[in-house]
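From a predicted model like this one, the values you see are computed outputs, not experimental measurements. Chain naming here is simple, since letters A, B, ... match the order of the sequence lines and numbering starts at 1 in each.
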There are 2 protein chains.
Amino acid sequence: MIVGESEMAEVNDLPGEQGSERISEAEHAVMEALWEKNPLTAAEVCEQVCDRRGWSMPTVKTLLSRLVAKGAIATEPDGRRFLYRPLLARTAYLGGESRRLVDRLFGGRAAPLFAHLAETEALTDDDIAEIERLLRELRK
Amino acid sequence: MIVGESEMAEVNDLPGEQGSERISEAEHAVMEALWEKNPLTAAEVCEQVCDRRGWSMPTVKTLLSRLVAKGAIATEPDGRRFLYRPLLARTAYLGGESRRLVDRLFGGRAAPLFAHLAETEALTDDDIAEIERLLRELRK
DNA sequence: AGCCTTCGACTACATCTGTAAACATTAAGT
DNA sequence: ACTTAATGTTTACAGATGTAGTCGAAGGCT
């Protein structure tokens with residue numbers, strides 16, 4: 001079963017899309033770490049997330065690999081290890097996810113989502129104040 | 001107002017939570033059909049969604065079974081077949097999903113989500129007007 | 001020059017999801 | 001009664017996901 005393998009795998013396969021693949025929740029946690037500060041080594045990413053999520057290094061490694069495969073992050077060699085940095089901007093990710101939710105659940109309209117948040121008391125006073133401020137700004 | 005259905009879940013609650021299991025996207029499509037009109041037979045659900053999603057009856061059957069297993073819908077025998085009706089209210093589902101998104105991506109604060117929608121021009125004028133109206137209502 | 005540590009790569013594996021076929025049952029028509 | 005069409009149940013299977021172990025190369029240490 002353990003097939004001897006000496007070939008070097010292409011890390012650079014599909015050049016097609018860069019940010020198109022869906023990012024899972026666990027992967028997202030890794031992305032957050034990288035968005036907060038980058039580039040980071042795998043060990044540094046682990047420092048940021050392993051405790052919080054109860055993960056071990058291998059898990060982080062896997063997630064990093066998958067993110068690289070998905071084109072969400074890039075690696076650059078730093079001596080013998082890699083530094084990871086995001087390719088996908090946090091803004092783009094948030095925007096995409098938000099839009100997906102709004103499209104899927106609220107027919108693409110943001111107002112019903114807002115109404116729901118309000119209803120379920122997911123809106124703090126601060127939120128409301130902030131949103132009013134944003135609205136005024138939009139009005140300009 | 002969006003104040004939704006009552007909850008009439010009680011018949012057979014698994015030991016644990018009742019609406020707690022996550023509902024997948026495909027399952028959600030089935031739920032939408034049932035929320036729109038219920039109770040429905042499996043065949044009727046299929047009529048509602050199979051074309052739109054390119055599904056076959058077996059697929060719908062599977063999804064219905066899984067939804068039953070998750071406690072999101074209930075069956076009642078109608079002759080030899082079953083009628084399906086939602087146990088999980090649409091309102092609750094939407095609220096839950098919205099909150100999940102807000103928690104996961106925006107640190108539980110709705111304002112940043114709102115800011116994002118605004119920024120990415122995902123807010124129509126109608127949305128803005130509607131939200132202002134909702135805000136005024138909240139202020140009361 | 002070897003041994004140990006450190007990393008990335010590869011492999012593993014259970015669960016969930018999407019999608020569906022095979023099977024069993026049973027009402028219904030003939 | 002016997003076949004058939006409808007309907008729920010069981011099983012299947014590939015791909016994604018969560019989580020992690022193993023392997024082999026590269027450097028560092030003695």
Side-chain angles (χ1 to χ4, degrees), chain A residues 1-14 20-33 39-47 49-85 97 100 104, chain B residues 20-33 39-47 49-85 97 100 104:
Chain A
M1 25 218 68
I2 298 168
V3 181
E5 178 60 72
S6 301
E7 304 245 71
M8 200 165 42
E10 311 275 316
V11 185
N12 233 353
D13 291 8
L14 314 173
S20 61
E21 302 254 23
R22 293 273 293 134
I23 288 173
S24 79
E25 187 170 330
E27 286 158 4
H28 170 238
V30 169
M31 289 304 289
E32 284 295 345
L40 294 181
T41 65
E44 287 165 340
V45 170
C46 189
E47 261 169 50
V49 299
C50 282
D51 274 353
R52 217 161 35 218
R53 311 267 306 205
W55 288 342
S56 62
M57 257 304 265
T59 300
V60 171
K61 299 280 187 66
T62 300
L63 294 172
L64 284 169
S65 301
R66 288 181 184 167
L67 285 167
V68 169
K70 290 181 179 180
I73 64 180
T75 53
E76 70 191 65
D78 171 54
R80 46 203 249 71
R81 58 207 152 100
F82 276 152
L83 293 181
Y84 297 87
R85 79 171 70 239
E97 291 297 301
R100 280 174 52 80
R104 199 162 71 80
Chain B
S20 63
E21 301 253 22
R22 291 275 293 135
I23 288 174
S24 78
E25 188 170 330
E27 286 158 4
H28 169 238
V30 169
M31 291 303 289
E32 284 295 343
L40 294 181
T41 65
E44 287 165 340
V45 170
C46 188
E47 261 170 50
V49 299
C50 282
D51 275 353
R52 218 163 33 222
R53 311 268 305 207
W55 287 342
S56 62
M57 258 305 266
T59 300
V60 172
K61 298 279 188 63
T62 300
L63 294 173
L64 284 169
S65 302
R66 288 182 184 166
L67 286 167
V68 168
K70 289 180 181 182
I73 64 180
T75 54
E76 69 192 65
D78 171 51
R80 73 260 190 43
R81 62 209 152 110
F82 275 153
L83 292 181
Y84 298 87
R85 78 170 70 239
E97 289 298 301
R100 278 175 50 81
R104 201 163 70 79

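The pair B:R100-A:E25 meets the salt-bridge criterion, with a side-chain N (NZ, NE, NH1 or NH2) lying under 4.0 Å from an Asp/Glu carboxylate O.
Under the 4.5 Å side-chain criterion, counting only non-hydrogen atoms from C-beta, B:K70 is in contact with B:E27. Side-chain contact between B:E97 and B:H28: absent, with no pair of heavy atoms (C-beta onward) separated by less than 4.5 Å. Taking the side chain as every heavy atom from C-beta outward, B:L83 and B:T41 approach each other to under 4.5 Å. Looking at heavy atoms from C-beta onward, B:V30 lies out of side-chain contact with B:Y84 at the 4.5 angstrom threshold.
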Extract from the structure each pairing of a protein N or O with an N or O of nucleotides 14-19 of chain D at less than 3.5 Å, listing the distance.
from, atom 1, to, atom 2, distance (Å)
D:dT17, OP2, A:K70, NZ, 3.0
D:dG18, OP1, A:A26, N, 3.3
D:dG18, OP2, A:S24, OG, 2.3
D:dG18, N7, A:R66, NH1, 2.9
D:dG18, O6, A:R66, NH2, 3.1
D:dT19, OP2, A:W55, NE1, 2.7
D:dT19, O4, A:R66, NH2, 3.1

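In terms of position along DNA chain D, the nucleotide closest to B:P58 lies nearer the 5' end than the nucleotide closest to the other residue of the pair B:P58 and A:R80.
Atom C1' of nucleotide C:dT6 and atom CD of A:E44 are separated by 14 Å, given to the nearest angstrom. Across the protein-nucleic acid pair, B:L83 atom CG and D:dA6 atom C1' stand 14 Å apart, rounded to whole Å. Regarding A:K61, its NZ atom lies at a distance of 5 Å from the C1' atom of C:dC7, rounded to whole Å. Atom-to-atom, CE of B:M57 to P of D:dA5 comes out at 16 Å; the value is rounded to the nearest Å. Atom-to-atom, CG of B:L64 to C1' of C:dT17 comes out at 15 Å; the value is rounded to the nearest Å.
Applying the side-chain contact (heavy atoms from CB on, under 4.5 Å) test to B:T62 and every residue at least two apart in sequence or in another chain returns B:R66.
If you check every strand for non-hydrogen atoms under 4.0 Å, B:R81 touches sugar and phosphate atoms only.
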